[in-house]
Amino acid sequence: MATTLKAGTSWNDAWQRCLGAAPEAFRDDRVLNLWNGEWQADGRALPATTPVDGSPIAGPPRLDADTAHQAVRASLDQHRAWRHVPLPERRARVAATLDALTQHRELLALLLVWEIGKPWRLAQADVDRAIDGVRWYVDGIDELLSDRTPLAGPVSNIASWNYPMSVLVHAMLVQALAGNAVIAKTPTDGGVSCLTLACALAAREGIPVTLVSGSGGQLSQALVRAPEIGCVSFVGGRDTGAAVATAVADLGKRHILEQEGLNTWGIWNHTDWDGLKAAIPKLFDYGKQRCTAYPRFVVQRDAFDAFLAAYLPAVRTLRVGHPLAVEDAGDPYPRLDFGPLINAAKAKELTDQVSEAIDRGAVPLHRAVPDPDLFLPGQDTSAYVHPVTLLSPPPSSPLHHAEPFGPVDTIVLVDTEAELLAAMNASNGALVATLSTDDEETYERLAPQIRAFKVGHGKPRSRGDRDELFGGFGASWRGAFVGGELLVRAVTQGPTGERLPGNFPEYHLMP
């Protein structure tokens with residue numbers, strides 16, 4: 001079956017719509033940085049390609065360290081004015097921003113498809129979760145800010161590329177609603193155009209937002225260590241997060257550092273295989289490029305045959321392809337579980353890890369093959385990795401102890417509860433975990449021993465929206481927890497001597 005690009009969805013179509021929607025932020029060949037309340041044609045624009053098919057798209061205009069420091073100082077000036085803007089006016093401006101984002105919802109989603117490879121359904125969900133989530137705060141901000149004041153300086157946001165809207169833009173707008181100026185660094189690997197459009201819409205409504213691009217090494221002194229910064233909010237890997245954590249701890253700076261962990265799903269004395277079978281495909285959303293993905297199953301050996309009978313048919317239903325490839329140009333968007341990984345380099349790295357693990361003894365239980373009907377004829381597919389399942393990855397493999405951030409599941413077999421818990425706690429802390437067991441008493445006894453912030457009973461846990469709290473145990477989180485009222489508390493000052501719930505060098509306090 002020959003496929004074609006859905007009508008009106010090419011990168012050029014999206015780019016032209018950006019030029020029309022926010023001409024102040026886009027030029028014919030590049031996006032601009034936003035600082036000191038103005039769009040700046042500075043920085044060195046790097047070439048970039050889309051993971052969808054390897055074709056060129058707009059790259060980030062990377063600033064040098066000196067310009068980044070100027071941007072931070074200008075943000076402090078904005079912060080000192082904004083913190084005195086009355087709350088009703090702040091609320092009105094954020095609400096107007098949400099209306100503008102809603103108006104441009106489809107364009108923002110299309111940019112996410114091209115820039116980070118999200119299928120249409122998931123791209124729309126990312127935009128909608130940002131809008132709906134911030135509306136919850138707009139409606140309840142009076143109570144959330146009772147007896148609290150903005151921080152002394154702006155909030156600096158350094159986030160990964162996978163959820164530009166529902167994590168990064170969501171956090172920025174709530175931080176601004178709470179009375180802070182906000183700074184964001186565009187993720188190196190993708191999302192610059194989507195974030196540029198979102199920030200342009202916010203800036204039009206008078207939100208004090210700064211958006212800059214650059215390498216972490218060049219910009220860290222300004223965005224993390226600068227004395228003007230009131231709080232650092234980071235989402236990313238443990239290696240980079242550890243460097244940020246060291247810096248903020250040395251400076252005594254408010255911080256929110258969400259880091260990776262190996263989220264696990266345990267199977268113990270379990271018989272609801274139909275429920276598990278229904279859950280498996282949903283766990284592959286966006287190719288498991290999520291901080292709350294479940295890449296590891298820890299399975300009771302006696303139940304392994306029943307587990308496979310449920311797992312394998314489910315994983316074989318997954319549809320992977322070009323997010324915009326259709327049979328006829330007027331057809332609806334394709335229904336896919338995921339598209340490409342973030343780039344070809346990540347795809348190669350993960351494929352190499354799988355091959356190495358197999359060479360060292362892992363047993364391949366499932367390796368999917370591409371369906372040519374889900375791609376465009378002759379397109380570049382170097383960023384695509386199809387689902388793989390490995391039994392018993394060797395201890396020497398990164399897949400044994402670290403999050404793959406891709407569509408690779410690993411399975412570990414255990415014979416005792418002690419082995420179950422040890423395997424589920426392999427990465428010294430995680431964000432989420434799930435234990436499937438028929439016996440409520442068993443769940444209540446074992447769940448508190450699993451080192452994850454959220455533990456589900458037979459169901460996946462997520463980051464959550466609105467009033468749901470979020471954090472991590474062990475090395476998966478440092479600093480203040482967020483979600484619901486805690487997000488506002490994390491970016492505001494409370495009573496003297498207040499101890500925020502979180503994971504700090506000197507204490508760990510659960511909500």
Side-chain angles (χ1 to χ4, degrees), residues 24-27 30-48 58-82 151-161 164 168-169 171-172 175-176 180-200 202-203 207-237 239-257 491:
E24 70 272 28
F26 294 84
R27 293 290 182 266
R30 62 175 290 174
V31 301
L32 305 183
N33 289 299
L34 172 60
W35 60 274
N36 197 28
E38 297 180 358
W39 290 95
Q40 314 272 358
D42 51 12
R44 182 168 62 93
L46 297 184
R62 296 168 66 128
L63 295 181
D64 58 32
D66 289 342
T67 308
H69 277 287
Q70 293 181 47
V72 169
R73 287 192 289 270
S75 181
L76 177 61
D77 292 339
Q78 290 180 308
H79 179 83
R80 287 170 171 166
W82 178 253
L151 298 175
V155 181
S156 177
N157 295 270
I158 304 170
S160 58
W161 42 265
L168 181 51
V169 170
M172 292 166 62
Q175 293 159 6
N180 303 290
V182 293
I183 305 169
K185 185 180 94 67
T186 61
T188 303
D189 288 320
V192 61
S193 295
C194 178
L195 286 169
T196 299
L197 177 58
C199 288
I207 305 296
V209 57
T210 294
L211 182 69
V212 294
S213 295
S215 72
Q218 280 282 312
L219 270 55
S220 63
Q221 284 289 333
L223 301 185
V224 176
R225 292 181 172 273
E228 294 91 343
I229 298 296
C231 175
V232 176
S233 178
F234 169 87
V235 180
D239 290 344
T240 304
V244 174
T246 299
V248 294
D250 290 346
L251 298 168
K253 197 182 294 291
R254 184 75 63 89
H255 58 284
I256 306 161
L257 309 182
V491 295

Report yes if some heavy atom in the side chain of [X] is under 4.5 Å from a heavy atom in the side chain of [Y]; otherwise report no.
{"X": "Ser213", "Y": "Pro61", "answer": "yes"}
{"X": "Ser215", "Y": "Arg62", "answer": "yes"}
{"X": "Val232", "Y": "Arg254", "answer": "no"}
{"X": "Phe26", "Y": "Thr196", "answer": "yes"}

Taking every non-hydrogen atom, the tightest pair across [X] and [Y]:
{"X": "Gln218", "Y": "Asp64", "value": "OE1-CA, 3.9 Å"}
{"X": "Val192", "Y": "Ala58", "value": "CG1-O, 3.8 Å"}
{"X": "Trp161", "Y": "Gly190", "value": "CB-O, 3.6 Å"}
{"X": "Gly59", "Y": "Ala48", "value": "CA-CB, 3.6 Å"}

How long is the straight-line distance from [atom2] of [Y] back to [atom1] of [X], given to the nearest 0.5 Å?
{"X": "Asn36", "Y": "Asp77", "atom1": "CG", "atom2": "CG", "value": "7.5 Å"}
{"X": "Leu76", "Y": "Arg80", "atom1": "CG", "atom2": "CZ", "value": "4.0 Å"}
{"X": "Gln40", "Y": "Gln70", "atom1": "CD", "atom2": "CD", "value": "9.0 Å"}
{"X": "Ser233", "Y": "Leu257", "atom1": "OG", "atom2": "CG", "value": "8.0 Å"}
{"X": "Ile158", "Y": "Ile256", "atom1": "CD1", "atom2": "CD1", "value": "12.0 Å"}
{"X": "Leu195", "Y": "Met172", "atom1": "CG", "atom2": "CE", "value": "7.0 Å"}

So among Val244, Ile229, Val72, which one has a side-chain contact (heavy atoms from CB on, under 4.5 Å) with Leu223?
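Going through the options one by one, the only one that passes is Val72.
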
Does the pair Thr186 and Val212 meet the rule for a side-chain contact (heavy atoms from CB on, under 4.5 Å), with working shown?
CA-CA 6 Å; Thr186 61; Val212 294; over 6 Å; no

Output yes when a side-chain donor or acceptor of [X] lies under 3.5 Å from a complementary backbone atom of [Y], and no otherwise.
{"X": "Trp82", "Y": "Ile207", "answer": "no"}
{"X": "His79", "Y": "Asn180", "answer": "no"}
{"X": "Lys185", "Y": "Gly214", "answer": "yes"}

What do you reckon, is CZ of Arg30 surrounded by more than 12 foreign heavy atoms closer than 6.0 Å?
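Atom CZ in Arg30 is crowded, with more than 12 foreign heavy atoms closer than 6.0 Å.
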
Under the side-chain hydrogen bond (donor to acceptor under 3.5 Å, both in side chains) rule, collect the residues that match up with Asp42, sequence neighbours excluded.
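Once residues adjacent in sequence are excluded, the partners of Asp42 under the side-chain hydrogen bond (donor to acceptor under 3.5 Å, both in side chains) criterion are Asn33, Trp35.
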
Holding to side-chain contact (heavy atoms from CB on, under 4.5 Å), I want the full list of residues that pass it with [X], two or more places apart in sequence or in another chain.
{"X": "Arg44", "answer": "Leu46"}
{"X": "Ala171", "answer": "Asn157, Gln175"}
{"X": "Ala203", "answer": "Leu34, Val209"}
{"X": "Gln221", "answer": "His69, Arg225"}

Those residues at least two apart in sequence (or on a different chain) that pass ring pair (Phe, Tyr, Trp, His ring centres under 6.0 Å) with His255 are Phe504

Residues Val248, Phe234; criterion side-chain contact (heavy atoms from CB on, under 4.5 Å); working and verdict
CA-CA 11 Å; Val248 294; Phe234 169 87; over 6 Å; no

Thr210 and Gln78: CA distance, side-chain angles, deciding distance, side-chain contact (heavy atoms from CB on, under 4.5 Å) verdict
CA-CA 10 Å; Thr210 294; Gln78 290 180 308; 3.7 Å; yes

